[in-house]
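Encoded as structure tokens, the structure appears first; notes follow it.
All chains are named by letter (A, B, ...) in the order of the sequence lines, taking the proteins before the strands, and each is independently numbered beginning at 1. Small disclaimer: the values here were computed from a predicted structure and weren't measured. FYI, side chains are in, hydrogens and waters are out, and symmetry mates aren't considered; it's all heavy atoms of this structure.
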Protein chains: 2
Amino acid sequence: MQMETSLILQEIAKHIQLTKDEELHFCSLLTEKSLKKKQILLRANAVNTLSAFVTKGCLRSYSIDRNGFEHIVQFAPPGWWIADIYSMISKKPGKLNIDALEDSTMLVMKREEQEELFKKIPKFERFFRIITENSVAANHARLMDYMGLTAQERYEGFCSRYPMLMKTLPQKQIAAYIGVTPEFLSKLKSELLRSGKKR
Amino acid sequence: MQMETSLILQEIAKHIQLTKDEELHFCSLLTEKSLKKKQILLRANAVNTLSAFVTKGCLRSYSIDRNGFEHIVQFAPPGWWIADIYSMISKKPGKLNIDALEDSTMLVMKREEQEELFKKIPKFERFFRIITENSVAANHARLMDYMGLTAQERYEGFCSRYPMLMKTLPQKQIAAYIGVTPEFLSKLKSELLRSGKKR
DNA sequence: CGTAACCAATAATCTAGATTAAGAAATGAT
DNA sequence: ATCATTTCTTAATCTAGATTATTGGTTACG
């Protein structure tokens, strides 16, 4: 049974060009992993140096606050990378948990292997530089939304930015992403519906 | 009058090793710029593709919400990079403003020149990959604080993480960073003081 | 200098969103 | 099918933090 690498190679090809040999070498550093819904890829308070590229399903990274509430930092549908970058680069225990929101498969790479890859094929420095820049831009947008918008605006923003996730995710996960309680999101939705129906 | 490049070369040396020639070439791509307090380096709603490395003073990047309130995304004291990464990579108008909180000097590089640099000295892909990874980690921490902590905890966190900025920044800038009104921060401080004095 | 512009403190009032509670619907396991 | 678990809705109450307003203190600067 072969590992599904076409999506990841396609993503890479958007930014750098690899020879067949380089592709093979890269793929040899990946491990395919499958998780059933709710299974955990990695936990807070441990050193977690791996990153995962999702090929099927959906993962999420989240932290748990002092009161036990989950706060979602990122969703990762197919084509996205997910990791606890803090723990990965500092080699210290992180605060992120990563688990599967539905049955999922992913390609996993350990940081050491990534470092190896950088030595062997320096072009990958470029690839990950670009991926990481995209991530910074997304985080900035997220932060600005958080600081300057109301919950309703964040919800509407989420709906228009991630229509796919809207359909598949349970509403409480969306609440944990936009930063409100599920109860309040439910209220928001019914208000939007009411005001939408009248006109 | 020579440009002050020792700090930036020192930062680079932490991550990659350059020959004297490479250092010279890199420095030739930088422009030194000085801003007086409150002067603007770059504005929202325009394409801004430059990044700045601060050597003196302090810059900030911030967005302005619908009600005219400023929300600070990042402070940049000496040794830090600052840019509107979204605009820089997408070449579209961004949402960030960057200005000087005090008289400051910085080394500025245009994205095109950075791209040139990547072609000429690929080691810099590595350098910026690492810098950008650090930035993602910082943004994740910021987001988690925002989602899971109270204003008071964010304030205490800020105090212990950035004691330098505490001393130099006016309080309203700190408020705009931790995400509260200056009035509420003032209240928080006096509560902390009161409860601190009793014991 | 004097006066304008900015900055901090305090306090009263107001509101977005949290909390608590309880029932209805959906999903899943056996 | 049936029971258990998880998810969603609605509604009443509560609170962290916003808003508005007033006062006094600094800093800049013509």
Q) Does any donor atom in the side chain of B:K189 or B:Q171 lie under 3.5 Å from an acceptor atom in the other side chain? A) yes
**Q.** A:S186 or B:L188, whichever maps to the more 5' nucleotide of DNA chain D
**A.** A:S186
Q) Which ones in residues 169-184 of chain A lie close to DNA chain D, meaning a heavy atom under 4.0 Å from one of its atoms? A) A:P170, A:Q171, A:K172, A:E183
**Q.** N or O in side chain of A:T150 less than 4.0 angstrom from C:dG17 OP1/OP2
**A.** no
Q: Would you mind telling me which residue lines up with the more 5' stretch of DNA chain D, B:K187 or B:K37, judged by nearest nucleotide?
A: B:K187
Q: Report the residues that fulfil ring-ring contact (aromatic ring centres under 6.0 Å, His included) with A:F75, sequence neighbours left out, ordered by chain and then residue number.
A: A:Y177
(Q) If the helix axis at each end comes from five base pairs, how far does the helix from C:dA8-D:dT23 to C:dT30-D:dA1 deviate from straight, to 10°? (A) 50°
Q: Indicate the ring-plane relationship of B:F128 and B:F118, choosing parallel, tilted or perpendicular according to the 30° and 60° boundaries.
A: perpendicular
Q. Just checking, A:R161 and A:F158: is the charged tip under 6.0 Å from the six-membered ring centre and within 45° of the axis?
A. no
**Q.** Heavy atoms from other residues, nucleotides or ligands near CD of A:E153 exceed 12 (cutoff 6.0 Å)
**A.** yes
(Q) Rounded to whole Å, please give me the gap between CD in A:E191 and P in D:dC8. (A) 18 Å
(Q) Any non-hydrogen side-chain atom of B:D99 less than 4.5 Å from a side-chain atom of B:L35? (A) no
(Q) With a 6.0 Å cut-off (strictly less than), is the heavy-atom count around NZ of B:K110, excluding the residue itself, greater than 12? (A) no
